[in-house]
Amino acid sequence: MLLITCPWCGPRNETEYHYGGQAHVPHPENPGELTDEQWAAYVFYRDNPKGPFAERWMHSIGCRRWFNVLRDTATHEVLTSYRLDEPRPGGNR
Amino acid sequence: MQSHPLQALVSELHEPVHPTVVMSNHVHVYVSQAHKGELVMGAGVDSYNGYGQRGSFHVIERQMAAAIELFPVFARAHVLRTWGGIVDVTPDASPIIGRTPVENLYVNCGWGTGGFKATPAAGWTFAHTIATGEPHPLNAPFALERFTTGALIDEHGAAAVAH
């Protein structure tokens with residue numbers, strides 16, 4: 001059971017949250033000009049690192065707000081959590 | 001491709017009570033009894049990506065609750081051990097079998113929680129693909145290009161369980 005800290009509600013059990021996959025995937029700036037390959041990359045292609053991973057979670061049975069978590073996928077350690085308008089702690093990679 | 005923990009568990013030994021494999025997508029568990037007597041069961045993946053070869057306890061708790069819903073007699077069975085394997089899941093939870101943009105590089109991957117029963121057909125069509133350079137009609141829809149064309153094979157939707 002992961003212990004995840006919601007930026008607004010504090011530390012809660014994983015069962016209060018919903019997983020949202022990789023964070024910091026920017027929406028295309030010019031959607032009308034994208035090729036099928038570029039759409040595929042945006043919609044389907046994601047990183048899958050072993051180690052620190054920035055990912056989205058939603059406090060689904062709490063405040064119902066989305067936020068980001070930096071978590072180590074090898075050790076399951078939750079390193080930190082932060083709001084959507086904050087940059088990934090420690091740089092992008 | 002995303003890596004998720006898939007947890008399973010076995011119980012202590014019991015007298016034979018369960019002569020076949022049962023899978024319920026409705027409560028989501030699958031269970032069979034090994035010849036020696038253990039009940040072997042599993043269900044869906046943990047929602048998050050992970051390489052730790054373990055998952056969260058509430059996922060195990062949910063599959064045990066589902067098993068007892070199906071077979072109340074299993075409530076007396078004690079868990080002997082649990083484990084988590086890492087499964088590679090594609091966006092539509094169906095495998096990718098076919099060519100890649102790299103010449104002479106072929107992939108047969110992304111089987112997620114499935115694959116055991118499909119292995120003979122997958123091997124046969126994969127061998128055909130490598131031998132002829134063209135996919136067999138059976139594995140052609142499973143090409144990598146489906147994520148560009150949008151012609152997904154939506155096992156997530158078809159099974160309605162957490163692959």
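- Judged by a 6.0 Å distance limit and a 45° cone about the ring axis, R65(A) is positioned over the six-membered ring of W8(A).
- Salt bridge R99(B)/E145(B): absent, no basic N to carboxylate O contact under 4.0 Å.
- The ring of W57(A) has its center no closer than 6.0 angstrom to the ring center of F67(A).
- The choice from N13(A), D72(A), N48(A) that makes the most heavy-atom pairs within less than 4.5 Å of chain B is N48(A).
- W66(A) and H59(A) have their aromatic ring centers separated by at least 6.0 angstrom.
- Of all residues in residues 27-41 of chain A, those placing a non-hydrogen atom less than 4.5 angstrom from a non-hydrogen atom of chain B are D36(A), E37(A), A40(A).
- Residue L152(B) touches chain A through its side chain alone, counting heavy-atom pairs closer than 4.5 Å.
- In this structure, the portion of F53(A) lying under 4.5 Å from any heavy atom of chain B is its side chain and not its backbone.
- Side chains of I86(B) and Q53(B) form a contact here, defined as non-hydrogen atoms less than 4.5 Å apart.
- Taking a 6.0 Å sphere around CH2 of W124(B), one finds it holds 12 or fewer heavy atoms contributed by other residues, nucleotides or ligands.
- Sequence neighbours left out, the pairs with a member in residues 56-65 of chain B that pass side chain to side chain donor-acceptor pair (under 3.5 Å) are E14(A)-S56(B), Y48(B)-S56(B).
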